[in-house]
Amino acid sequence: MNRRQFTRLALAAASLAPFTSVAQAVASFEQRKAQAQALSIQAHKDFMAVDGIQMMGNEKIAMLLYPGFYAADLVNPQFIFNAMMGATIYLISPTEDLTPVDASGISIVPTHTRSQCPDDLDILFIPGGATGTLKAMQDKSFIDFIKVKAAKANYITSVCTGSLLLAKAGLLKGKRATSHWSTLDILAKFGTNAVKKRVVWDGNIVTGGGVTAGIDFGLEILAALRGKQYAEAIQLQAEYDPAPPFNSGSPDKASPFIKNVVKGMFAPLVVDMEHELES
C-alpha cells in the first residue's frame, strides 16, 4: 500500500467514525431499554405475587365538586385513588354540564354530571373549603344529592371541612369523625363524636383532617382496598416523607400567637357554619 492509498483509507475511516459512534449509541440504548422493560415486567410480577395485594380492581369513586372547594382537598386523595389500577374516578359537576368549577383559584373540569354519577359507588368523597363549603351547606339540592349517593356507597368519606357537608346531610350523628381543627367543635355540637386525628374511621365512614391530611386519608383507604404494601409503594412513588420547615402544622404545636391569629381569622366563618348546621 502506497502513501496515497493509506491516506484515502484513513480519511474514509475518519468520515465513518461519527456514524459508527451513533450506531453504537443506538445499539446501547436499545439494549438498555430492553433490559429496563424486562426489569419492569419482573417487578410487576413480583409485586402481584405478594399476598394481600390486589393489583387490579373496578372501584367506582365519585368525588363531588362545588364552587369554592379547596383544590388540594380534592387533588391529594385523587392522586392516590388514581393509582388504583382499574378504578374509575368520577369528578361530579355541581350542575348538569361540564363547566369548569372554581376550586379557590384553580379551575377543575368535571368528568361527569350528577345524572351520570353511578348509584353503586365504592367511595363517595366530599372535599372541604371555606366560604365555598358554607354555600354548599346552604344548597339543598347538593345536600340531598349527598344523601342519595351515600345511601348505597360502600365508603362515605371527606377531607377537611367536607365533613360538615356530611354532618349537614345527617350522616355523622353518633359517628366518630374529624375535620379541620377550626371546625371540630362544630362537629361535636351536632351529634358527632369529634376526634382530633389525621384520619378517623367509623364503620364505612372515613374522614380526614385539614387539607394535607388528604394524603394520609387516601393512603389508608388504598391500603384497605388494595393492601398495605400497595399503599406503601404509592407512598414511595409520591415521595411522601413529610419534613415541614416549621413546627406549626397543628394548634398543639403552633405558638399561641399564631394559633390565636389564625383562629381569629376563621371566627366569622365558623359562626356561619355553626348556624348553618343548626338550621
Side-chain angles (χ1 to χ4, degrees), residues 32 35-37 39-57 59 61 63 69-87 89 91 103-106 108 122-123 125-130 155 157-163 176-184 194-202 205-255 258-259 262:
R32 288 185 290 113
Q35 291 173 343
Q37 289 175 332
L39 181 63
S40 177
I41 291 171
Q42 187 58 52
H44 279 80
K45 288 180 178 179
D46 292 342
F47 196 56
M48 289 187 288
V50 175
D51 288 340
I53 286 181
Q54 182 183 339
M55 197 71 169
M56 292 295 297
E59 295 91 348
I61 304 169
M63 307 184 81
F69 73 91
Y70 283 167
D73 285 2
L74 176 91
V75 174
N76 284 334
Q78 189 274 342
F79 173 85
I80 307 297
F81 294 158
N82 195 53
M84 297 166 60
M85 295 176 64
I89 297 176
L91 299 180
S104 300
I106 296 177
I108 303 293
D122 291 279
I123 300 173
F125 172 80
I126 318 292
Y155 289 98
T157 73
S158 68
V159 162
C160 198
T161 55
S163 57
R176 297 175 73 251
T178 192
S179 185
H180 188 275
W181 63 267
S182 65
T183 58
L184 280 175
V195 181
K196 186 180 178 301
K197 192 176 177 184
R198 294 283 281 181
V199 184
V200 174
W201 291 69
D202 191 326
I205 294 179
V206 190
T207 52
V211 190
T212 60
I215 301 178
D216 307 60
F217 159 89
L219 288 171
E220 287 201 20
I221 290 182
L222 179 58
L225 294 176
R226 298 294 187 89
K228 179 179 178 237
Q229 288 178 297
Y230 196 126
E232 288 177 335
I234 300 307
Q235 179 178 353
L236 178 57
Q237 177 187 333
E239 199 174 353
Y240 180 50
D241 187 22
F246 309 109
N247 194 25
S248 62
S250 160
D252 295 333
K253 297 177 180 178
S255 69
I258 294 298
K259 176 183 175 181
V262 175

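Numbers for residues simply follow the sequence, beginning at 1. Here the structure is a predicted model, which is why all the values come from computation and not from measurement.
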Derivation of the side-chain contact (heavy atoms from CB on, under 4.5 Å) call for Leu74 and Ile108
CA-CA 10 Å; Leu74 176 91; Ile108 303 293; 4.1 Å; yes
Contacts satisfying salt bridge (charged side-chain N to carboxylate O under 4.0 Å, His left out) that involve residues 235-252 (not counting sequence neighbours) are Lys196-Asp252
Where Ala194 and Leu184 come nearest, the two heavy atoms and their spacing:
CB-O, 3.5 Å
Contact list for residues 45-54, test side chain to side chain donor-acceptor pair (under 3.5 Å), sequence neighbours left out
Gln42-Asp46
So Phe125 and Phe217, would you call those rings parallel, tilted or perpendicular, with 30° and 60° as cut-offs?
tilted
Mark yes or no for whether Ser179, through its side chain, and Cys160, through its backbone, hold a donor-acceptor pair below 3.5 Å.
yes
side-chain contact (heavy atoms from CB on, under 4.5 Å), that's the test. Do Val159 and Val211 meet it? Break it down for me.
CA-CA 7 Å; Val159 162; Val211 190; 5.9 Å; no
Is any side-chain heavy atom of Met55 closer than 4.5 Å to a side-chain heavy atom of His44?
yes
Sidechain-backbone polar pair: Arg226 side chain, Met85 backbone, donor-acceptor under 3.5 Å
yes
Check against side-chain contact (heavy atoms from CB on, under 4.5 Å), Val200 and Val206:
CA-CA 6 Å; Val200 174; Val206 190; over 6 Å; no
Check against side-chain contact (heavy atoms from CB on, under 4.5 Å), Val262 and Trp181
CA-CA 11 Å; Val262 175; Trp181 63 267; 3.7 Å; yes
Indicate yes or no for a side-chain donor-acceptor contact from Glu59 to the backbone of Asp122 under 3.5 Å, with no hydrogens or angles considered.
no
To the nearest 0.5 Å, what is the distance between CE on Met63 and CG on Asp73?
9.5 Å
From CD1 (Ile123) to CD1 (Ile89), nearest 0.5 Å
8.5 Å
Whether the side chain of Asn82 engages the backbone of Gln78 through a donor-acceptor N/O pair (distance < 3.5 Å, no angle test) should be reported.
no
Side chain proximity check, Ile53 to Met48, heavy atoms < 4.5 angstrom:
no
Roughly how far, to the nearest 0.5 Å, is the OG atom of Ser248 from the NZ atom of Lys259?
13.0 Å
Between atom OH of Tyr155 and atom CD1 of Ile61, what is the distance when rounded to the nearest 0.5 Å?
11.5 Å
With ring centroids as reference points, do Phe79 and Tyr240 lie under 6.0 angstrom apart?
no
A side-chain contact here means heavy atoms from C-beta on lying under 4.5 Å apart; do Ile221 and Trp201 qualify?
yes
Hey, could you give me the CD1/CD distance between Ile80 and Gln237, rounded to the nearest 0.5 Å?
8.5 Å
Using a 4.5 Å cut-off on heavy atoms from C-beta on, say whether the side chain of Ile234 contacts that of Leu222.
yes
Calculate, to the nearest 0.5 Å, the distance between atoms CZ and CD1 belonging to Phe69 and Ile106 respectively.
9.0 Å
Do Thr161 side-chain atoms and Gly129 backbone N/O form a donor-acceptor pair below 3.5 Å?
yes
Please check if any side-chain donor atom of Arg198 sits under 3.5 Å from a side-chain acceptor atom of Thr178, or the reverse.
no
Which heavy atom of Gly209 sits nearest a heavy atom of Ala213, and at what distance?
N-CB, 3.4 Å
Is a side-chain N or O of Asp202 found less than 3.5 angstrom from the main chain of Arg176, in a donor-acceptor match?
yes
Any sub-3.5 Å donor-acceptor pair from Tyr230's side-chain atoms to Ala224's backbone N or O?
no
